[in-house]
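Residue numbering restarts at 1 for every chain, and letters A, B, ... go by the order of the sequence lines.
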Number of protein chains: 2
Amino acid sequence: MEHIFSYHSLSAFTKAIFIAIGCDDASAALATEVLLSADLRGIDSHGVARLSGYVRLWEAGRINATPHIRIVHETPSTAVIDGDAGLGLVVAPYAMEVAIRKAQTAGTGWVSVRNSNHFGIAGYHAMMALQHDMTGIAMTNASALVAPTFSIERMLGTNPIAVAIPAGTQPPFVADMATTTAANGKLEILQRKDAPAPLGWVQDKDGADTTDANILKKQGALLPLGSDREHGSHKGYALGSIVDIFSAVFSGASYGPWVPPFPAYVPMPQGMPGQGLGHFFGAMRVDAFRPAQEFKEHMDNWIGRFRNATPAPGHERVLIPGDPERETEAIRAAEGIPVVDSVVSDLRELAAKMNVPFPAAMTA
Amino acid sequence: MEHIFSYHSLSAFTKAIFIAIGCDDASAALATEVLLSADLRGIDSHGVARLSGYVRLWEAGRINATPHIRIVHETPSTAVIDGDAGLGLVVAPYAMEVAIRKAQTAGTGWVSVRNSNHFGIAGYHAMMALQHDMTGIAMTNASALVAPTFSIERMLGTNPIAVAIPAGTQPPFVADMATTTAANGKLEILQRKDAPAPLGWVQDKDGADTTDANILKKQGALLPLGSDREHGSHKGYALGSIVDIFSAVFSGASYGPWVPPFPAYVPMPQGMPGQGLGHFFGAMRVDAFRPAQEFKEHMDNWIGRFRNATPAPGHERVLIPGDPERETEAIRAAEGIPVVDSVVSDLRELAAKMNVPFPAAMTA
């Protein structure tokens with residue numbers, strides 16, 4: 001069962017919650033925009049469904065609502081930022097702005113971040129570069145749910161990579177992907193439906209194939225993109241590792257099995273080698289490589305050609321990365337955002353606890 | 001049937017061939033080192049097995065043995081290089097040196113290359129950064145063998161990504177991967193053995209699953225990493241696309257279905273939107289992010305922890321990206337390089353044609 005909320009009402013509620021935990025007005029507005037970009041784009045697992053989780057992290061003293069975010073190291077094209085345990089939803093856009101500023105003078109900008117928290121969807125941050133005629137890159141590590149190839153131990157998060165590339169008359173190319181076969185959010189959808197997971201998404205505690213969508217609660221693990229060695233899981237494992245190293249070994253954040261968990265009830269890892277979560281951002285000016293107009297004409301040509309690739313029987317068309325999310329965003333901005341029953345209940349409880357009015361749904 | 005050759009004898013032969021097509025001594029030596037790094041590291045499909053293919057491209061006028069490689073555009077952290085149709089084996093190290101030089105002053109360096117040819121293994125170029133205490137990145141597009149998710153048309157090459165990250169006492173982290181489920185070289189091995197391919201590696205001309213290892217000769221296609229939509233092939237498709245765009249749309253090389261083919265008997269694509277193949281390189285100074293010593297200690301800790309992750313039953317240990325290739329290199333540098341019968345015959349013919357003596361094998 002779903003309820004439809006207008007973007008405006010969900011946004012006002014979310015902002016009021018961030019203000020209630022002590023964020024200033026600008027930070028609360030920014031955190032809200034980043035968080036709800038997930039709901040608009042159809043990545044429901046990373047949007048308002050996580051709001052109460054962020055509040056619990058704040059209650060547990062793991063999120064600082066008034067951080068002093070600062071650059072601790074820099075060169076003409078790089079910076080390292082200390083997020084002061086702030087909301088990743090606020091720290092990440094700050095860091096991406098620094099990457100964009102560096103790119104304006106040096107051609108490219110690269111920023112690694114320590115002492116942060118979960119930053120919403122990677123795609124939001126990568127897409128910040130587009131309005132500056134830049135390619136944007138965003139990645140983050142996350143708490144360990146993924147077993148490397150040949151391992152039964154959870155060592156990596158779903159560690160997403162997002163890349164946004166501007167075009168001319170075509171919409172931009174926007175890839176935003178977990179480096180696992182399936183994102184954890186997809187598994188959670190199956191858990192709610194009590195449905196089995198496809199083979200190749202998860203393994204059990206002994207490393208055996210399983211279709212049990214609840215296997216992560218039984219010491220199982222998500223599998224890297226590729227699923228098994230024969231189908232390239234060592235590549236997904238390498239990609240997740242690169243995200244972890246760029247985000248955390250570069251910056252001084254915690255990494256691998258020591259990344260702080262999102263659920264506030266899970267104890268912090270012992271012997272953390274760094275501070276908080278880590279992120280990594282890049283911005284590359286289009287005209288640092290070739291004239292912007294020329295670049296955009298070729299991007300339009302690239303996108304047009306791929307969109308017109310011959311579809312396989314049973315498929316209407318070939319998609320460009322970013323197409324499904326952009327189409328969902330257009331619909332949801334106009335018609336409202338569906339929120340499932342369990343999330344609505346959770347948000348009502350949160351509203352009561354924080355003494356913030358909960359908005360009425362457009363439909364029930 | 002295999003013959004073992006010493007590295008020295010294969011190297012002298014390969015260099016003599018490059019000199020025979022008109023390369024100067026330094027270029028021939030460099031091209032040889034890059035090409036044979038594949039044989040040393042166990043990536044047999046990209047080494048001396050391709051030497052006669054490079055010569056046929058030169059005969060067809062598609063490779064310029066005496067290119068004027070030059071920077072055509074630059075900013076403090078970026079450059080675009082025109083390879084003047086040179087051997088990618090020579091153009092790529094030139095471009096990587098430019099990236100490294102940019103990084104020395106700007107913190108990072110990023111170079112996109114047009115008008116080049118096949119560059120051997122991506123890992124060689126990425127690893128050039130290691131001796132400078134830098135992380136190295138290398139990627140290239142290649143002729144279209146891969147169908148995007150939901151398509152039956154070949155639109156992308158196997159478009160590899162390599163990332164090399166220095167460590168302290170541990171060997172470096174070196175990932176070098178095609179963005180497909182299986183590299184084309186692995187399919188070629190099955191073809192030689194007349195063995196079936198695992199499901200998920202290739203599809204037939206109608207997009208159906210097949211185990212036919214010869215399906216590429218029948219309008220079939222390689223599949224992006226992830227194999228099918230349910231297992232994340234849209235992510236492999238996005239990764240291959242990013243490599244294509246960074247390598248070619250950034251630089252003015254040809255892209256997508258218009259990338260020039262490696263076999264010289266295949267006609268050049270009609271209506272190419274750019275010049276030759278494209279590559280993309282990156283170099284990031286370790287100390288552009290944190291003090292080198294501190295970085296290396298944490299990389300050692302990262303590698304040590306992952307190497308000691310609990311192995312799954314039936315597996316002795318968890319590998320770090322680069323472990324298998326490094327171990328092969330140590331063995332082959334000492335004991336020689338195995339070359340299969342069919343490649344030896346091909347090289348003997350090449351030797352006769354180019355009037356270069358062919359070395360004796362150590363064993364037969």
Side-chain angles (χ1 to χ4, degrees), chain A residues 73 75-78 80 106-108 110 112 148-153 155 163 165 173 175 177 181-182 198 200 206-207 225-227 230-232 234-235 238 241-242 245 249-252 255-257 273 284 288-290 295 298-299 301-302 305-306 309-313 315 317-319 321, chain B residues 73 75-78 80 106-108 110 112 148-153 155 163 165 173 175 177 181-182 198 200 206-207 225-227 230-232 234-235 238 241-242 245 249-252 255-257 273 284-285 288-290 295 298-299 301-302 305-306 309-313 315 318-319 321:
Chain A
H73 188 87
T75 72
S77 73
T78 67
V80 171
T108 67
W110 305 89
S112 191
T149 304
F150 301 156
S151 179
I152 53 170
E153 192 172 354
M155 297 291 287
V163 177
I165 308 173
F173 174 107
M177 59 186 125
T181 298
D206 301 313
L225 178 58
S227 299
E230 189 169 75
H231 294 89
H234 55 302
K235 302 179 186 188
S241 299
I242 290 163
I245 293 166
V249 178
F250 277 29
S251 66
Y255 45 76
M284 296 190 276
F289 294 96
R290 70 194 294 192
F295 175 91
H298 280 281
M299 247 344 262
N301 187 45
W302 192 100
R305 181 67 187 84
F306 276 71
T310 314
H315 294 282
R317 58 184 180 133
V318 174
L319 300 170
Chain B
H73 187 88
T75 72
S77 72
T78 67
V80 170
T108 67
W110 305 88
S112 191
T149 305
F150 300 157
S151 179
I152 54 169
E153 193 173 353
M155 298 292 286
V163 177
I165 308 173
F173 174 108
M177 59 185 124
T181 298
D206 302 313
L225 178 58
S227 299
E230 188 169 77
H231 295 88
H234 55 299
K235 302 178 186 188
S241 299
I242 290 163
I245 294 166
V249 178
F250 277 30
S251 66
Y255 45 76
M284 297 190 276
R285 250 172 47 212
F289 294 96
R290 69 194 294 192
F295 176 91
H298 281 281
M299 250 339 265
N301 187 44
W302 192 99
R305 181 66 187 83
F306 276 71
T310 314
H315 293 282
V318 174
L319 299 170

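Interface summary for chain A: among B:V80, B:N301, B:L225, the most heavy-atom pairs under 4.5 angstrom belong to B:L225. Looking only at heavy-atom pairs under 4.5 Å with chain B, the residue among A:A312, A:G252, A:G207, A:G200 that has the most is A:A312. In terms of non-hydrogen atom pairs under 4.5 Å with chain A, the most contact-rich of B:A288, B:G232, B:P313, B:S241 is B:A288. Most heavy-atom pairs under 4.5 Å with chain B: of the set A:D206, A:I245, A:T75, A:I165, this distinction falls to A:I245.
Nearest heavy-atom pair across B:H231 and A:P198 is NE2-CB, 4.5 Å. Across all their heavy atoms, B:A238 and A:F173 have their closest contact at O-CZ, 4.0 Å. What you find for A:P311 and B:I152 is that their closest heavy atoms are O-CG1, 3.8 Å. Taking each heavy atom of B:F250 and A:R290 in turn, the nearest pair found is O-CD, 3.5 Å. Across A:S151 and B:V318, no two heavy atoms sit closer than the pair CB-CG2, 3.5 Å. Considering all non-hydrogen atoms of both residues, A:F306 and B:P257 come closest at CE1-CD, 4.4 Å.
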Exercise. Could you walk me through whether A:V249 and B:F289 pass the side-chain contact (heavy atoms from CB on, under 4.5 Å) check?
Worked result: CA-CA 9 Å; A:V249 178; B:F289 294 96; over 6 Å; no
For this session: Give the intermediate values and the outcome of side-chain contact (heavy atoms from CB on, under 4.5 Å) for residues A:T149 and B:L319.
Result: CA-CA 8 Å; A:T149 304; B:L319 299 170; over 6 Å; no
Exercise. Checking side-chain contact (heavy atoms from CB on, under 4.5 Å) for the pair B:T78/A:M284: CA distance, chi angles, key distance, verdict?
Worked result: CA-CA 9 Å; B:T78 67; A:M284 296 190 276; over 6 Å; no
For this session: Any chance you could lay out the side-chain contact (heavy atoms from CB on, under 4.5 Å) test for B:R305 and A:M155, step after step, and finish with the verdict?
Result: CA-CA 9 Å; B:R305 181 66 187 83; A:M155 297 291 287; 3.7 Å; yes
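The side chain to side chain donor-acceptor pair (under 3.5 Å) search around A:T181 returns A:S227, not counting sequence neighbours.
When side chains are defined from C-beta on, A:P273 does not count as touching B:W302, because their heavy atoms never get closer than 4.5 Å.
In this structure a side-chain-to-backbone donor-acceptor pair under 3.5 Å is missing from A:S77 to B:S77.
For A:Y255, the part lying near chain B is the side chain, with the backbone staying farther off; criterion is any non-hydrogen pair under 4.5 Å. Heavy-atom distances place the side chain of A:H73, and not its backbone, under 4.5 Å from chain B.
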